[in-house]
Amino acid sequence: MIPVATYAVIMKISFLLLSLIATFGASGCTAAALGRHAFSQQKTPSDIRYREILDNLAMVACDPAALPAYTSIFAGTAQITDNAQIASTTTFGPPAAQVLSPQLTRTIVGNWTLDPLNTPEKLEAIRCACNWVLFGEDTARLDSVGMLLLLSPEQAPFPGRHFDVADRLATLPGGWVHVGCKKDVPRGACYCAHYGGTSVWVLPEDQYALSQFTLILQDIARVDINSPTLQYIRPTPSDFSFPTKPTTSFCGNQEVFGQNTYYRLPAAVIAEVSVDSCGRLTSDTPYYRWRTENAGSDANLRSQINAAAAGLH
Amino acid sequence: MQQPQAYTEWGVRCVRTIVAFAAVVTLATCGCTSFSLARATVNQSQTATNYRYQATLHALSTVAANRGTLPSFAMLSSGTSTITDTGTVNPVLNWGGSPEVFASGVVGVTAGRAPSLQWTVSPVSDYTQLEAMRCACQFVLDGQAPAFLDQSPILSDPEVDLSLGPHFGVAWRLARLPAQWLGVGCKRDVPKDACYKDCCGDVWVWVTKEGLRGLAEFTLVLQDIATLNVAPSDSTVPAHSAPPVLVTLWVVQNTLAPVELSVSNKDGTLLFADSGHGTASSSIDVTTGQPIVISNDTCSDLKLSVTAKIQGMSDPVKIVEDLTVRKAKNENKTAFVIDAEAFKKGRVESGAALTISIQPEVPLKGSATLSVVDNPYKSIYSPTITTRLDRVVRPECRDLIDERLRDAIGTQREKDVVAIDWSDWMAMTTPYQGQRTSAKPGAASSTAVPLPPSSYRSGPNGATERFEMSPVLNRMHPYEPRFPPSPSQ
């Protein structure tokens with residue numbers, strides 16, 4: 001049994017020690033907690049991608065024409081702010097009183113910066129890929145525009161973008177994603193999503209196929225939309241020079257050369273153009289539909305956003 | 001007097017509670033935050049589709065209310081998903097009366113969560129994009145008549161529609177939109193099962209479940225217009241225009257006055273004469289690149305060639321191939337140039353001058369020769385001045401130029417000068433002024449950019465070397481002492 005007086009003294013000393021530890025030793029504790037927090041946060045991107053993809057599959061399963069929403073995450077911050085303070089108030093009596101009020105505060109901030117897809121080709125390609133895995137290749141081929149996007153530039157030698165993922169989609173096993181209503185979802189499903197009364201789910205044994213499909217969508221999402229690897233490269237036009245009817249010189253006077261002649265010489269006019277393989281006039285550079293990507297591909301803008309986000313906290 | 005035993009037990013419980021709560025807050029909240037962040041991130045991501053549909057409907061409602069209004073449309077450019085968890089433990093301990101008497105204890109606990117989700121939106125601001133979006137909205141609101149697309153060049157494919165102005169190439173997307181997917185009316189017309197609806201003033205637009213495919217496809221149209229790079233920062237061609245068909249006109253003129261010679265027939269013998277003085281010469285000084293003009297004063301066409309005698313070869317080598325100097329009054333002059341290579345052959349290898357030979361055709365007989373000696377002191381002058389002009393071929397004139405090019409190349413045994421004169425070029429082309437550059441946010445000032453040359457053609461130095469007047473070139477250009485109209489005329 002501890003006497004009351006002794007207990008009170010121990011308690012005071014304990015709080016003082018606690019305050020001292022919180023004040024001076026908290027940095028180590030904060031660092032450890034930050035490490036745990038960052039580690040915990042870095043474990044989630046794969047899970048986020050899987051769930052995003054399941055959400056998109058559910059949306060497309062409900063409405064095959066729906067536009068998917070795929071957002072890749074490319075930056076994040078994990079932040080912990082600890083705050084410890086102690087306040088002591090002494091009241092001189094009678095009655096005398098002593099108030100000790102330590103305060104410990106921890107603020108944990110987790111942040112992901114998102115990079116939503118905006119370019120229509122990427123959205124259409126992802127929609128067609130979702131239709132492929134949900135309803136089969138034959139159904140996906142009904143969307144001719146989407147299929148052209150999934151083929152490689154060599155397989156579809158036409159102007160436009162080609163993401164070259166059709167072969168990889170064809171290697172995915174059939175039936176790895178299940179579609180039904182909410183009550184059909186088994187308890188053992190590792191991932192499931194619901195949209196408008198339609199549910200899709202993936203069983204643990206099909207996790208590999210889900211991962212492969214995730215890689216395909218990541219491939220589509222993260223490639224620069226203006227990458228030349230997506231384009232069917234057209235033949236470079238040829239330069240072609242030919243003489244045309246002569247004209248007079250621009251100066252129009254040979255006296256500048258001290259010759260003082262009474263006539264002006266004709267000046268040869270040579271035209272230089274670009275021609276295609278058939279010899280027809282064409283532009284010197286082929287036409288490509290260059291697009292503006294979203295902020296995720298712009299390093300400068302990305303750093304500005306990160307700096308602004310950091311400033312908020 | 002308070003019971004010491006009770007205070008002791010209470011104090012122990014108090015300390016245990018505080019320690020336990022602090023441990024929970026410290027250890028457990030980290031994983032909880034990450035899990036919630038992941039969930040919030042997925043949820044935020046899924047709002048993009050809804051946002052795009054709503055933005056599309058708003059653009060439609062704006063134009064539906066007033067066909068002249070420009071729609072506003074903004075893309076999601078980036079986003080942040082943030083979870084802020086806060087835990088506070090705030091115990092208050094009171095000692096009353098004396099330091100040994102523990103009076104009371106209060107534990108204040110505060111836990112807070114502040115999820116912060118953010119989308120950064122980038123409004124479409126280029127005037128061509130706004131105009132194209134309005135045009136696309138009008139197409140939908142006017143019943144998607146195919147004729148509308150034919151009358152809207154801004155929506156057509158830039159590679160197909162060669163007219164001037166921007167072309168966004170979304171006509172094919174608009175043409176495959178399903179019919180009747182959008183409802184327009186007043187508020188009471190909006191069906192209860194409308195999936196998406198928006199209004200501008202009294203005008204409402206809505207989409208039911210049957211129209212979702214049309215909404216998705218039209219959203220792609222607006223996204224297509226909005227993401228096209230219409231203001232490239234590197235002064236390249238904006239993506240709403242096909243690269244122009246350029247023609248580079250090199251105007252090459254000699255800096256030296258020509259040496260004029262005439263060939264006359266005197267008692268059946270051909271003679272060279274200096275046109276200026278009328279005296280016969282057996283040798284003339286010519287500077288490299290200086291034109292030589294031969295006029296035919298006889299009554300017969302003449303064959304002219306320039307040869308060099310090279311050591312070890314029995315026959316002279318032809319430096320300039322046979323030229324015909326016609327007898328016709330208006331075509332009785334021919335000009336040619338002897339280049340440095342020809343003089344080098346004659347001077348170094350044979351040690352003698354070049355020879356101009358004239359061979360008459362019937363009825364004249366005999367021949368005349370003239371030695372040509374290079375004047376090396378004048379050769380340091382540039383023999384030519386080459387100026388360059390980049391022009392854009394008018395789309396409607398491409399076929400005409402193609403045709404004249406084929407006429408000159410295709411059917412004749414010998415390639416001829418393409419029948420396009422300077423005034424034709426000016427009529428068939430427009431000035432090439434480079435690409436329009438757009439103002440950039442945050443840019444303090446901009447400097448004038450010199451007119452960029454077309455992408456592949458070399459500068460004036462290369463041009464001088466490339467287009468130095470050569471004998472072959474001059475063969476194609478009969479000498480014209482007349483005054484053709486200057487470009488300014």
Side-chain angles (χ1 to χ4, degrees), chain A residues 4-5 8 36-37 40-41 44 48 51-52 55 63 65 67 69 71 95 97-101 103-114 116 118-120 242-249 257 259 261 263 266-268 270-273 281 283-285 287 289-292 294-295 309, chain B residues 4 30-31 33-34 37-38 41-42 45-46 48-49 75-90 92-97 100 102 159 213 216 220 223-224 227 229 239 242-243 245 247-248 250-253 255 257 398 402 417-418 420-422 467 476-477 480-481 486:
Chain A
V4 172
R36 280 195 305 273
H37 177 40
S40 173
Q41 186 171 341
T44 57
I48 292 172
R51 287 159 65 179
E52 265 193 292
D55 283 343
D63 175 13
L67 280 186
T71 304
Q98 178 86 16
V99 177
L100 191 67
S101 53
Q103 184 175 354
L104 303 174
T105 305
R106 165 159 288 180
T107 306
I108 302 171
V109 180
N111 163 278
W112 284 123
T113 305
L114 308 177
N118 281 319
T119 49
F242 55 92
T244 60
K245 288 185 176 178
T247 183
T248 52
S249 65
F257 303 112
Q259 297 298 318
T261 51
Y263 54 76
I270 299 102
E272 189 178 8
V273 295
L281 239 62
S283 168
D284 57 347
T285 50
Y287 171 71
R289 287 176 73 78
W290 301 125
R291 294 202 180 278
T292 49
N294 41 13
Chain B
C30 294
T33 307
S34 299
L37 176 62
T41 304
V42 173
S45 170
Q46 292 308 305
T49 297
M75 288 187 303
L76 300 177
S77 62
S78 73
T80 54
S81 176
T82 307
I83 296 283
T84 306
D85 282 342
T86 308
T88 304
V89 180
N90 188 14
V92 179
L93 304 170
N94 292 328
W95 283 264
E100 290 78 16
F102 184 77
E159 287 191 288
R213 181 170 156 257
L220 283 176
Q223 291 283 127
D224 195 334
T227 55
N229 189 0
V245 175
V247 57
T248 305
W250 303 96
V251 180
V252 187
Q253 52 184 313
T255 58
R398 283 188 202 174
D402 271 338
V417 174
V418 177
I420 304 173
D421 62 21
W422 189 263
F467 295 112
M476 299 182 191
H477 288 219
E480 290 182 36
S486 66

Are [X] and [Y] close enough that some pair of their side-chain heavy atoms sits under 4.5 Å apart?
{"X": "T33(B)", "Y": "H37(A)", "answer": "yes"}
{"X": "W422(B)", "Y": "K245(A)", "answer": "no"}
{"X": "V273(A)", "Y": "V245(B)", "answer": "no"}
{"X": "T119(A)", "Y": "Q223(B)", "answer": "no"}
{"X": "L114(A)", "Y": "T80(B)", "answer": "no"}

Working to the nearest 0.5 angstrom, can you tell me the gap between [X] [atom1] and [Y] [atom2]?
{"X": "N111(A)", "Y": "T82(B)", "atom1": "CG", "atom2": "OG1", "value": "3.5 Å"}
{"X": "I83(B)", "Y": "I108(A)", "atom1": "CD1", "atom2": "CD1", "value": "11.5 Å"}
{"X": "S34(B)", "Y": "W112(A)", "atom1": "OG", "atom2": "CH2", "value": "8.5 Å"}

Discussion item. Please classify the contact between D63(A) and chain B as side chain, backbone, both or neither, with a heavy-atom cut-off of under 4.5 Å.
Written reply: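 Interface part for D63(A): side chain.
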Worksheet entry | Partners passing salt bridge (charged side-chain N to carboxylate O under 4.0 Å, His left out) against D224(B) (at least two apart in sequence or in another chain) |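 So D224(B) forms a salt bridge (charged side-chain N to carboxylate O under 4.0 Å, His left out) with R289(A), R291(A), R173(B).
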Worksheet item: Looking at T71(A), T44(A), L281(A), V99(A), which has the largest count of heavy-atom pairs under 4.5 Å with chain B?
Response: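 So the answer, after comparing T71(A), T44(A), L281(A), V99(A), is L281(A).
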Fill in: Residue among F242(A), Y287(A), W290(A) with most heavy-atom pairs under 4.5 Å to chain B
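Most heavy-atom pairs within the cutoff with chain B belong to Y287(A).
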Worksheet item: side-chain contact (heavy atoms from CB on, under 4.5 Å) with T107(A): which of D85(B), T88(B), T86(B)?
Response: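 When side-chain contact (heavy atoms from CB on, under 4.5 Å) is applied between T107(A) and each of D85(B), T88(B), T86(B), only T86(B) qualifies.
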State, to 0.1 Å, how close [X] and [Y] come at their nearest heavy-atom pair, and which atoms those are.
{"X": "S283(A)", "Y": "P243(B)", "value": "OG-CB, 2.9 Å"}
{"X": "V417(B)", "Y": "P243(A)", "value": "CG1-O, 3.7 Å"}
{"X": "A216(B)", "Y": "L67(A)", "value": "O-CD1, 3.8 Å"}
{"X": "A65(A)", "Y": "R213(B)", "value": "CB-CG, 3.4 Å"}
{"X": "E52(A)", "Y": "V42(B)", "value": "N-CG1, 4.4 Å"}

Worksheet item: When you measure from the side chain of N118(A) to the backbone N and O of L76(B), does any donor-acceptor pair fall under 3.5 Å?
Response: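 Checking the backbone N and O of L76(B) against the side chain of N118(A), a donor-acceptor pair under 3.5 Å is found.
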Item to complete: Taking side-chain hydrogen bond (donor to acceptor under 3.5 Å, both in side chains) as the test, write out the residues that go with Q41(A), two or more places apart.
Response: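 side-chain hydrogen bond (donor to acceptor under 3.5 Å, both in side chains) check on Q41(A) returns nothing, list empty.
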